[in-house]
Amino acid sequence: MKPAPFEYCRPSSVSEAVDALAAAESGRVLAGGQSLIPAMNFRLTDVSVLVDIRDVAGLDRVTVEPGGVTVGAAATQSRVLADDGAAAVVPGLRVALRHVGHLQIRNRGTVCGSIAHADPAAELPALAVAVDATISVEGPDGGRNIAARDFLLGPFWTALDDAEVVTEVCFPAAPEGAVTVVDEISRRAGDFAVTGLVAIIEPVDAVVRSARLVGFGVGGAPMRLTEAEAALSGWAGHHTDSAVLEAAAADAADAFEDIHATAEYRREVLGALVVRAARKALNSGASP
Amino acid sequence: MSVSQPVSEIEVEITINSRRRRDRVPSRLLLSDYIRDTVGLTGTHLGCEHGYCGACTVMVDGDAVRSCLMLTVQADGAEIRTVEDLAPAGSDALSPMQQAFHDNHALQCGFCTAGFLMTLESVDPADYRHPQQVVELLSGNLCRCTGYQNIVTAVAQAWSDSTQAQ
């Protein structure tokens with residue numbers, strides 16, 4: 001359980017980091033390392049050069065503006081979790097981060113690293129898709145901005161090229177009056193979810209006006225639940241749930257199956273989480 | 001300080017339990033192995049070596065971290081505290097939390113204890129006033145002997161003593 005030999009560098013600028021990645025046979029960016037180091041300990045990933053970005057000035061910045069929160073690539077999860085300003089503008093950051101790992105993991109792990117790692121059962125990539133976050137990357141040919149839904153392609157698979165570095169992720173502000181719920185079923189607190197849901201729901205007069213729903217731990221990448229969103233529109237919480245449950249199950253028609261749960265179980269859990277999130281949003285809307 | 005060219009060995013300067021050291025280490029050396037094998041502080045235990053069990057928890061610049069999920073080179077310039085630093089030097093006394101663990105039978109085999117103690121040392125008790133918050137705090141450390149109840153009791157005792165002392 002020790003990493004195989006590799007070379008290490010610690011550049012002082014993003015362009016040096018890009019150069020180091022471009023020159024490496026198999027380079028990886030090291031930010032918090034809370035997923036990468038265990039993968040290297042297990043020898044699941046082949047790394048010839050680790051490019052540590054901790055000395056790149058400004059990458060640990062978290063910028064809170066009325067329109068959104070921009071999180072730099074080296075900003076830790078603990079730092080963002082503790083940021084009241086960030087939680088006020090993008091409540092999903094705080095509610096999602098509460099589910100991420102444990103204190104010791106969040107003290108090192110980064111928000112951007114979790115998104116770049118693209119674990120299909122992770123909360124932050126799903127949040128990024130739910131709020132339409134933008135991932136900024138720098139590479140040999142300059143910078144580009146990628147929408148989260150286009151960035152996250154599959155399990156541990158992103159649109160990032162080999163020599164590109166994620167520099168920051170911008171999370172747009174939640175709509176006024178919206179309630180953000182992050183809920184999941186996991187074997188133990190802090191574990192990756194068996195199945196989870198990010199829901200951004202706008203209740204008006206005890207009725208769901210609109211809902212943005214993204215499931216995780218269901219497919220290879222965060223899964224937008226468009227049928228369940230449609231089924232929730234106008235929902236008041238008291239009538240039968242079957243339409244909502246069926247819609248969520250239809251969205252998750254190709255849910256995966258593994259040692260933890262069958263695809264059928266994941267579909268049922270997802271539907272239950274959608275109903276639970278909608279009820280929670282309606283209840284919190286009723287008592288401002 | 002930047003390291004512009006990729007290297008397989010590197011010199012690091014690390015302060016561990018208030019003592020500053022310089023060591024030349026392989027890039028691949030985990031902080032946990034550095035603490036135990038290079039420095040010789042074997043109070044930090046290695047359970048799973050993939051960030052699951054929390055036994056190897058130490059403090060890096062005041063924060064509890066898993067030393068098996070950190071490279072030694074990432075701690076270059078950092079201040080590290082391990083379980084050896086908790087009890088007052090030059091006496092047989094334990095720290096208040098260690099004493100509370102002892103009093104409440106909050107350990108049996110003791111393998112996980114250093115990790116629990118370092119997690120607890122890293123936080124402000126004022127942020128964990130409710131028992132549920134303590135349980136959540138401790139959820140990042142696994143114990144296979146106690147069933148956790150006695151650990152939670154020990155924490156309550158140590159922290160209530162510390163607030164009474166203030």
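Hydrogens, waters and symmetry mates play no part in the numbers below; they use all other heavy atoms, side chains included. Note on naming: letters A, B, ... go to the chains in the order of the sequence lines (proteins, then strands), and numbering restarts at 1 for each one.
Interface residue A:R188: only side-chain heavy atoms are found under 4.5 Å from chain B. Of the two parts of A:D19, neither the backbone nor the side chain holds a non-hydrogen atom closer than 4.5 Å to a non-hydrogen atom of chain B. For chain A, the nearby parts of B:S139 are the backbone and the side chain; heavy atoms of each come within less than 4.5 Å. Proximity to chain A (any heavy atom under 4.5 Å) is shown, for B:Q74, by both the backbone and the side chain. Of the two parts of A:L36, neither the backbone nor the side chain holds a non-hydrogen atom closer than 4.5 Å to a non-hydrogen atom of chain B.
Residues A:Y8 and B:V73 come closest through the heavy atom pair CE2-CG2, 3.2 Å. Nearest heavy atoms, A:P11 versus B:S2: C-CB, 4.2 Å.
Between A:L30 and B:L71 the shortest side-chain heavy-atom distance falls below 4.5 Å. For the pair B:E49/A:K2, a side-chain contact is recorded, criterion being any heavy-atom separation below 4.5 Å from C-beta on. Side-chain atoms of B:S122 and A:N107, non-hydrogen and from C-beta on, never get closer than 4.5 Å to each other. Side-chain atoms of B:L46 and A:M1, non-hydrogen and from C-beta on, never get closer than 4.5 Å to each other.
Annotation: B:D124, atom CG; neighbour count of heavy atoms from other residues, nucleotides and ligands within 6.0 Å is above 12. With a 6.0 Å radius and a threshold of 12 heavy atoms from other residues, nucleotides or ligands, B:E84 has its CD atom above the threshold. When the shell of 6.0 Å around CZ of B:R21 is examined, it contains more than 12 heavy atoms from other residues, nucleotides or ligands. A:D162 CG: 12 or fewer foreign heavy atoms inside a 6.0 Å radius. Other residues, nucleotides and ligands contribute more than 12 heavy atoms inside 6.0 Å of the CD atom of B:E13.
With A:Q34 contributing its side chain and B:L69 its backbone, the two residues share a donor-acceptor pair below 3.5 Å.
Rounding to the nearest 0.5 Å gives a distance of 7.0 Å between CG of A:L103 and OG1 of B:T119.
Put simply, of A:A4, A:G101, A:S35, the one with the most heavy-atom pairs under 4.5 Å next to chain B is A:A4. Between chain B and the residues A:R108, A:H102, A:Q104, the most heavy-atom pairs under 4.5 angstrom are made by A:Q104. Chain B forms the most heavy-atom pairs under 4.5 Å with one residue out of A:I105, A:D52, A:V49, A:V56, and that residue is A:I105. Between chain B and the options A:S12, A:P5, A:G33, heavy-atom pairs under 4.5 Å are most frequent for A:P5.
Contacts of B:Y128 classified as side chain to side chain donor-acceptor pair (under 3.5 Å), with partners at least two apart in sequence or in another chain: none.
Scanning residues 39-47 of chain A against chain B with a 4.5 Å heavy-atom cutoff picks out A:N41, A:F42, A:R43, ordered by number. Near-neighbour residues of residues 26-34 of chain B relative to chain A, defined by a heavy atom under 4.5 Å from a heavy atom of that chain, comprise B:S27, B:R28, B:L30, B:D33.
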Counting only pairs under 3.5 Å, give me each side-chain donor-acceptor contact of residues 101-111 of chain B, with atom names and distances, residues two or more places apart or in other chains.
{"from": "B:D103", "atom 1": "OD1", "to": "B:Q99", "atom 2": "NE2", "distance (Å)": "2.9"}
{"from": "B:N104", "atom 1": "ND2", "to": "B:A100", "atom 2": "O", "distance (Å)": "2.7"}
{"from": "B:N104", "atom 1": "ND2", "to": "B:Q157", "atom 2": "OE1", "distance (Å)": "2.8"}

